[in-house]
There are 2 protein chains.
Amino acid sequence: MKYSNQTRILVAVDCIIFGFDGSEYKLLLIQRGFAPEKEKWSLMGGFVQPKESLDMAAERVLNQLTGLHNVYLEQLQAFSSPERDPIERVIAVAYVALIDINKYQKQINDDFHARWFPMKSLPKLIFDHNDMVETALQKLRYKAAFHPILFELLPEKFTLPQLQTLYEGLYDTKIDKRNFTKKVLSTKILNRQDEKDKSSSKKGAYYYSIDEVAYKDNFQNFLNFIPKNDLLLL
Amino acid sequence: MKYSNQTRILVAVDCIIFGFDGSEYKLLLIQRGFAPEKEKWSLMGGFVQPKESLDMAAERVLNQLTGLHNVYLEQLQAFSSPERDPIERVIAVAYVALIDINKYQKQINDDFHARWFPMKSLPKLIFDHNDMVETALQKLRYKAAFHPILFELLPEKFTLPQLQTLYEGLYDTKIDKRNFTKKVLSTKILNRQDEKDKSSSKKGAYYYSIDEVAYKDNFQNFLNFIPKNDLLLL
DNA sequence: TCAAAAGTGTTATCACTACACCCATGG
DNA sequence: CCATGGGTGTAGTGATAACACTTTTGA
């Protein structure tokens, strides 16, 4: 039995994949391999299959491109303008992924001609993908202010200066080093390692890792890193 | 031209319609008029038509039920489990609406047998509608802490005690009257009227209305009313 | 030995919390 | 005249913001 006299619609997922290379935010894009807009830059996407949920579809698509499993992946919102795809109506549900840029190996899937673009110089994307990216960035700014999600962009061990650059990059602002350290460490979310990273200074910066227990306890109740003056909320 | 070899899927919108009657939060539900689950309580919903966006579909559905236009209406998220509807696969995009409960006139559309239920005693709903409501409530708690959206539940003129009850109801907490007044008035979002509401006290409480300009300026940057101890974030 | 980045503490200001009495009025 | 709900101020505490010097070490 089916619902009668109703129009069925193509549904796709599109993944906005953010990375951070130590100094700036990047977005993973592909060169679309089929018409329309063949060869144009695009978000990685795919049609939802009959027996999969949107979450499953997004995971599948993300895995196809990056080879990664268990990455941070969250539904953003549905984009549904009837004319957004010129070929046929497609409702797209956008997903945001945060990945450690170093885990992405170019050779994993080169069919898509994927490339990381700096957020500050994105190409024009097909359809409404630029809007999706803009919406995703706003949501990331909003959410990261209160939830410790930016750690997803870093390797397991990272230094405080790296973390600070991450926050400063997202809000395009400068944070006082002493205040930043105090705030972050007060959450008890970080464990200092004995080891130091000497790649960017002679003295070396201590590595930290996430304390999984404290992380979960604090997830709903993290610090506000948004500079008071220019809150950019969703 | 069409995309070939892809499955098209039914897409619906479902509206989570919140109201506030002066002392408690309510949800507007309908008695479903068709199979499956005929006569069971349900969110108001409808299938997306070929030439309408999801936003348009949600507005249409909301208007059909309430007769209202220009109400606060926001996309919540898509629910997409392949088995959520036993008849046929349907991807549902949930929308949250906040309406002034007094503007809803029962007679506007009685075809749906709509009824306001107190949030504290909701019936079992069809499909995954209870999950949608729970998700919507969490998001409302989260968003209302930082954005002045609860005003949408009140008439144009309202008193501070009413507003306080609204916040206390949402977070199920007691707020000190003096601190609450101070916080709200410090936003400059409210204009005091000369008129008083004497319906609930002999002295009468001043009516306030929204200062549209200050409202827009402050929308992104409102106060945090979540009690520090039990932040319930999304 | 020095350049470059990492690490650390104190003070002032602001926001939040706790708390109690007077006011206005209809009955 | 009094019971009921409405309105208001202050002091203490905790969080945030501003600010500069010392440490380490590879080149």
Side-chain angles (χ1 to χ4, degrees), chain A residues 22-23 144-146 148 154 157-169 171 173-209 218 221-231, chain B residues 22-23 144-146 148 154 157-169 171 173-209 218 221-231:
Chain A
S23 61
F146 302 104
L154 295 176
K157 301 195 190 316
F158 50 86
T159 67
L160 289 181
Q162 281 170 6
L163 188 62
Q164 186 173 344
T165 311
L166 191 61
Y167 277 94
E168 289 179 341
Y171 300 110
T173 187
K174 282 283 168 198
I175 307 175
D176 180 88
K177 191 168 43 160
R178 288 161 289 189
N179 294 339
F180 181 82
T181 306
K182 233 181 304 172
K183 246 185 169 177
V184 173
L185 294 182
S186 75
T187 64
K188 312 279 187 192
I189 254 182
L190 299 184
N191 289 329
R192 194 170 87 174
Q193 313 294 115
D194 295 330
E195 202 186 345
K196 280 185 162 188
D197 167 30
K198 297 210 167 183
S199 65
S200 68
S201 80
K202 295 160 187 176
K203 183 178 180 182
Y206 283 108
Y207 278 117
Y208 286 80
S209 66
N218 282 291
N221 191 351
F222 198 53
L223 298 167
N224 178 359
F225 283 107
I226 304 181
K228 277 267 162 66
N229 297 325
D230 47 38
L231 281 184
Chain B
S23 62
F146 301 105
L154 294 177
K157 302 194 189 316
F158 50 86
T159 67
L160 289 180
Q162 281 169 5
L163 187 63
Q164 185 172 345
T165 311
L166 192 60
Y167 277 93
E168 290 179 341
Y171 299 111
T173 187
K174 281 282 169 196
I175 306 174
D176 180 88
K177 190 169 44 161
R178 287 161 290 188
N179 294 339
F180 181 82
T181 307
K182 232 181 304 172
K183 246 184 168 177
V184 174
L185 295 182
S186 76
T187 64
K188 311 280 187 190
I189 253 182
L190 299 184
N191 289 329
R192 195 170 87 174
Q193 313 294 115
D194 295 330
E195 201 186 346
K196 281 185 162 189
D197 166 30
K198 298 212 167 181
S199 66
S200 68
S201 80
K202 296 162 185 174
K203 184 177 179 180
Y206 282 108
Y207 279 116
Y208 287 80
S209 67
N218 281 290
N221 190 352
F222 198 53
L223 298 168
N224 178 358
F225 282 108
I226 303 181
K228 276 266 162 67
N229 297 325
D230 47 38
L231 280 184

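In the text below, chain A, chain B and the rest are named by the order of the sequence lines, each starting its count at 1.
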Selection from D/dG7, C/dT10, C/dG7 that lies nearest to any side-chain heavy atom of A/Lys182: C/dT10
Of the candidates D/dG5, C/dA3, D/dA17, the side chain of A/Lys202 sits closest to C/dA3
Length of the line joining B/Leu185:CG and D/dG6:C1', which is rounded to integer Å: 13 Å
Rounded to whole Å, please give me the gap between OH in B/Tyr206 and C1' in D/dG6. 10 Å
Steps toward side chain to side chain contact (heavy atoms under 4.5 Å, CB included) verdict (B/Thr181, B/Arg178): CA-CA 5 Å; B/Thr181 307; B/Arg178 287 161 290 188; 5.8 Å; no
Applying side chain to side chain contact (heavy atoms under 4.5 Å, CB included) to B/Leu160 and B/Tyr208, what does each step give before you reach the verdict? CA-CA 7 Å; B/Leu160 289 180; B/Tyr208 287 80; 3.5 Å; yes
Interatomic distance where CG belongs to A/Asp176 and C1' belongs to C/dT8 [whole Å]: 11 Å
Residue mapping more 5' on DNA chain D - nearest nucleotide basis, A/Arg178 or B/Leu160: B/Leu160
Which nucleotide, D/dT16, D/dG5, C/dA6, lies nearest any side-chain atom of B/Ser200? D/dG5
Compare all side-chain heavy atoms of B/Phe158 with those of B/Leu190 and state whether any distance is below 4.5 angstrom. yes
Side chains of A/Val184 and A/Ile189: does their closest heavy-atom pair fall under 4.5 Å? no
DNA chain C: 5'-proximal contact among B/Gly204 and A/Ala205 (nearest heavy atom): A/Ala205
How long is the line joining CZ of B/Phe180 and C1' of C/dC19, in whole Å? 18 Å
Is B/Lys196 touching bases, backbone alone, or none of the nucleic acid, heavy atoms closer than 4.0 Å? nothing
Provide, to the nearest angstrom, the distance between the NZ atom belonging to B/Lys174 and the P atom belonging to C/dC16. 21 Å
From the candidates D/dC19, D/dT25, C/dG7, the one with an atom nearest any side-chain atom of A/Asn179 is D/dC19
Name the nucleic acid region contacted by A/Thr159, choosing base, sugar-phosphate or nothing; use a 4.0 angstrom heavy-atom cut-off, strictly under. nothing
Between C1' of C/dC19 and CD1 of B/Ile175, the distance in whole Å: 16 Å
Going by heavy atoms in the side chains, are A/Thr159 and A/Gln164 under 4.5 Å from each other? no
Any idea which of C/dA6, C/dC23, C/dT8 is nearest the B/Lys203 side chain? C/dC23
note: B/Lys183, atom NZ; D/dT8, atom C1'; distance rounded to Å ~ 18 Å
Round to the nearest Å and state the distance from A/Lys198 atom NZ to C/dA6 atom P. 13 Å
